[in-house]
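Note that the coordinates shown come from a computational prediction; the quantities given were computed from them, not determined experimentally. Heads up: numbering here begins at 1 and tracks the sequence.
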Amino acid sequence: MAQVDVEMPKMGESITEGTVIAWHKQPGDEVEQDEILLEIGTDKVDTEVPSPKGGVLTETLVEEGDTVEVGTIIATLDTDTAAAEVDADDAPPAEAPSDDEAAADEAKETAPDADAEDEAEATPPETDSEEAASPAPSGDEVEVVMPKMGESITEGTVVAWYKDIGEAVAIDETILEIGTDKVDTEVPSPAEGVLTEKLVEEGETVEVGTVVALLASEAEAGSVEPPASDEPDTTQETAPEADEAELPSTPPSGDGAVPDADEPQRAPEETITRRGDDGRFYSPLVRSIAKEEGLRMSELESLEGSGRGGRVTKEDVLAYLDEREEAPAAPASAPERPPRPGRSDEGPPARGDYTVDEGPSDEELRQQYGDRIEVQPMDRMRKMTAEHMVRSKATSAHVTSFAEADVTGLVQLREANKEAFREREGVKLTYTPFFVKAAVEALREHPLLNASVEGDKIVIKHDFHVGIAVAIGNKGLLAPVIRNAGDYNVSGLARKAANVAERARNKELQPDELQGGTFTVTNIGSLGSLMGTPIINQPQVGILATGAIQKRPVVVENDGLGDAISVRHMMYLSLSYDHRIIDGAMGSSFLQRVVTELESFSADADLF
């Protein structure tokens with residue numbers, strides 16, 4: 001017997017253990033390679049574990065509900081049987097079953113199988129009706145999967161499909177666009193062929209690794225027809241059973257029926273979803289407790305999460321249950337707690353507490369403002385920006401200080417080197433790398449600006465991961481992070497900045513490249529602004545804005561000959577900082593250190 005061990009997988013740098021939520025396969029079941037064996041979860045994420053090989057599941061070493069460390073062997077497979085697998089339609093029985101086995105098999109065929117139903121929910125069904133809907137194309141079938149976009153990203157949402165069923169696609173041509181709460185990304189085709197099936201609808205969120213589409217790599221464009229619009233809805237077959245299962249045990253309140261006084265009154269059962277309407281993620285453990293205790297989704301959404309980013313933890317749910325048992329029962333007609341606004345008396349909002357509502361309808365807006373208006377809906381990026389900015393203002397006490405720098409030497413240095421730099425490095429020499437370098441040098445002397453506030457603690461970071469704001473047309477801003485910016489000279493920073501800015505505009509950034517920043521620099525001068533008051537990028541405590549460089553007459557000292565008026569290249573700098581831990585003296589000192597660094601550049605400096 002060739003035995004293969006299945007291990008508890010690693011789910012991120014900070015995740016050291018996981019809980020077995022549900023086994024999708026039992027000992028003795030045959031499994032194919034990449035078929036789902038079980039579902040595991042942590043307080044941060046839940047995921048399905050595929051089989052590393054095809055074969056037979058011989059043993060499960062961990063029970064449902066058990067929590068074990070990453071790398072623990074949780075099951076074993078016998079792969080010797082994999083070579084004997086054949087297609088179900090063509091394979092003869094391996095041996096004649098006994099009478100008892102035959103009877104059991106017959107009963108299994110006629111009775112609903114709970115395991116099979118669970119597996120059908122976990123994996124897309126492949127039914128004969130789907131095959132009949134469109135002719136099978138010739139050629140090899142290629143799967144398009146939800147790509148991995150970083151260590152901390154486990155799922156993505158289909159924002160838009162760029163191709164329809166039956167359309168030919170070239171290799172690396174964009175098929176669809178997916179999004180997370182950090183960034184939108186275009187997914188290219190892994191092969192040349194024809195799109196034969198879409199397995200995920202627009203707006204649907206699925207886990208990384210999920211097959212979202214199928215391609216026929218050698219099919220002709222006309223060999224696949226789009227599904228007919230009158231295709232029967234397969235969900236109608238199970239709808240009656242689902243409706244019956246979700247009916248409340250007590251009659252509707254409007255028919256005059258009164259529930260038994262001795263029986264506790266329960267609200268109609270709600271589906272506890274992975275993400276609520278407030279945008280927060282609920283871990284499998286939290287959802288499991290909520291389901292067992294009969295909590296409603298609205299109750300979960302009303303909880304103040306104590307976890308990272310406002311996440312609701314197991315302790316939050318148990319504490320709520322204890323309080324609910326101690327408090328007198330509320331009347332059945334009591335109104336639900338209204339949604340929390342972006343700011344509350346209980347403290348700053350956690351991530352997801354502020355959301356952009358739909359607002360009034362277009363017709364209501366025209367009644368209010370007249371017909372000479374144009375109504376534009378917010379896109380995803382604008383909604384995310386709105387959420388992030390309101391949350392930041394509600395979290396940090398913003399203060400902005402200003403300074404002025406004479407950057408004549410810097411301008412001369414850039415002008416003298418920009419052509420040679422482009423020929424040698426292949427990218428433009430902009431002012432951004434100089435600004436980042438100056439900020440890093442100031443951060444070395446003011447470490448509190450390279451920190452974050454976690455409750456009543458200050459976390460000072462010793463690595464300088466500097467975000468640079470990049471404008472994405474009129475859609476908004478992204479701040480990709482240059483990691484370990486203190487390790488690079490101006491040339492290295494120029495290459496890094498050009499690379500992330502280009503990929504940000506082409507929707508090629510990975511979500512991890514927008515996370516982990518410790519300080520941000522935004523060059524508002526590149527857009528013509530003289531100065532600004534930027535909003536802090538949470539959970540950072542400072543952001544530096546560099547204004548436009550302009551020639552102005554200024555008074556300068558002339559080496560003992562008195563003051564003189566000279567035309568110099570001048571710019572304004574502004575620093576927004578978190579006044580909870582940064583006071584005005586430190587903010588001004590930081591700015592002066594940046595000014596000193598920028599004014600130290602000269603035309604004869606050797607920085608390359």
Side-chain angles (χ1 to χ4, degrees), residues 398-422 428-450 464 466 468 485-486 488-491 493-494 497 519-534 542-577 579 582-608:
H398 279 62
V399 174
T400 305
S401 296
F402 299 88
E404 187 177 29
D406 182 346
V407 291
T408 304
L410 171 59
V411 173
Q412 294 171 348
L413 173 63
R414 175 179 175 268
E415 291 297 321
N417 290 274
K418 64 180 183 180
E419 295 301 331
F421 185 87
R422 170 178 266 186
K428 291 181 179 179
L429 180 60
T430 66
Y431 289 111
T432 296
F434 296 95
F435 299 152
V436 172
K437 183 169 178 57
V440 168
E441 296 306 316
L443 289 172
R444 295 186 196 276
E445 298 182 9
H446 300 80
L448 213 55
L449 267 296
N450 202 56
F464 304 109
V466 179
I468 56 171
Y488 299 98
N489 61 10
V490 172
S491 295
L493 290 172
F519 189 82
T520 298
V521 174
T522 175
N523 184 7
I524 60 175
S526 64
L527 304 175
S529 295
L530 290 178
M531 63 179 67
T533 56
I543 179 172
L544 176 70
T546 56
I549 299 174
Q550 290 187 325
K551 286 183 178 181
R552 293 202 302 271
V554 296
V555 177
V556 297
E557 293 184 0
N558 195 9
D559 293 335
L561 299 179
D563 294 338
I565 296 177
S566 176
V567 176
R568 309 290 292 177
H569 292 273
M570 306 297 294
M571 67 176 295
Y572 294 110
L573 305 168
S574 56
L575 174 71
S576 291
Y577 48 94
H579 208 5
I582 310 296
D583 56 27
M586 183 176 295
S588 298
S589 175
F590 176 90
L591 270 179
Q592 289 305 314
R593 182 65 181 88
V594 173
V595 169
T596 300
E597 188 69 22
L598 291 177
E599 291 183 345
S600 69
F601 293 117
S602 60
D604 56 354
D606 183 13
L607 297 173
F608 311 107

Where do [X] and [Y] come nearest, in terms of heavy atoms and distance?
{"X": "G542", "Y": "L449", "result": "CA-CD1, 4.3 Å"}
{"X": "L448", "Y": "I582", "result": "O-CD1, 3.6 Å"}
{"X": "I565", "Y": "P553", "result": "CG2-CB, 4.0 Å"}
{"X": "H446", "Y": "F590", "result": "NE2-N, 3.6 Å"}
{"X": "V440", "Y": "A485", "result": "CG2-CB, 4.0 Å"}
{"X": "V594", "Y": "A439", "result": "CG2-CA, 4.4 Å"}

Rounded to the nearest 0.5 Å, what separates atom [atom1] in [X] from atom [atom2] in [Y]?
{"X": "S588", "Y": "D583", "atom1": "OG", "atom2": "CG", "result": "9.0 Å"}
{"X": "L410", "Y": "E415", "atom1": "CG", "atom2": "CD", "result": "10.0 Å"}
{"X": "I524", "Y": "Y572", "atom1": "CD1", "atom2": "OH", "result": "12.5 Å"}
{"X": "E419", "Y": "L429", "atom1": "CD", "atom2": "CG", "result": "10.0 Å"}
{"X": "T408", "Y": "M570", "atom1": "OG1", "atom2": "CE", "result": "7.0 Å"}
{"X": "I543", "Y": "F519", "atom1": "CD1", "atom2": "CZ", "result": "8.0 Å"}

Apply the test salt bridge (Lys or Arg N to Asp or Glu O under 4.0 Å) to residues R444 and E441: give CA-CA distance (whole Å), side-chain angles for both, the deciding distance (0.1 Å), then the verdict. CA-CA 5 Å; R444 295 186 196 276; E441 296 306 316; 3.4 Å; yes
When you look at L573 and V595, which way does the side chain to side chain contact (heavy atoms under 4.5 Å, CB included) test go after all the steps? CA-CA 8 Å; L573 305 168; V595 169; 3.6 Å; yes
Quick one: salt bridge (Lys or Arg N to Asp or Glu O under 4.0 Å) partners of R593, sequence neighbours excluded?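 Salt bridge (Lys or Arg N to Asp or Glu O under 4.0 Å) check on R593 returns E445, E597.
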Pair up each side-chain donor or acceptor in residues 544-552 with any protein partner under 3.5 Å, not counting sequence neighbours, and list the distances.
| unit_1 | atom_1 | unit_2 | atom_2 | d |
| --- | --- | --- | --- | --- |
| T546 | OG1 | N523 | OD1 | 3.1 |
| R552 | NH2 | E404 | OE2 | 2.1 |

Intermediate values then yes/no, side chain to side chain contact (heavy atoms under 4.5 Å, CB included), V411 and Y431: CA-CA 9 Å; V411 173; Y431 289 111; 3.5 Å; yes
Looking at T596 and Q592, would you say the former's side chain and the latter's main chain have a donor-acceptor pair under 3.5 Å?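 It does hold such a pair.
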Could you tell me whether the side chain of S602 and the main chain of G409 form a donor-acceptor pair under 3.5 Å?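 Side chain of S602 to backbone of G409: no pair is present.
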Please work out whether the ring planes of F434 and F601 are parallel, tilted or perpendicular, with thresholds of 30° and 60°.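 Geometry flag for F601 against F434: perpendicular rings.
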Evaluate the criterion side chain to side chain contact (heavy atoms under 4.5 Å, CB included) for residue pair F435 and L493; output intermediate values, then yes/no. CA-CA 10 Å; F435 299 152; L493 290 172; over 6 Å; no
Not counting sequence neighbours, which residues clear side chain to side chain donor-acceptor pair (under 3.5 Å) with T520? List them please.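 Expected list: Q540.
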Donor-acceptor side-chain pairing of S401 and Y577 below 3.5 angstrom: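 There is such a pair between these side chains.
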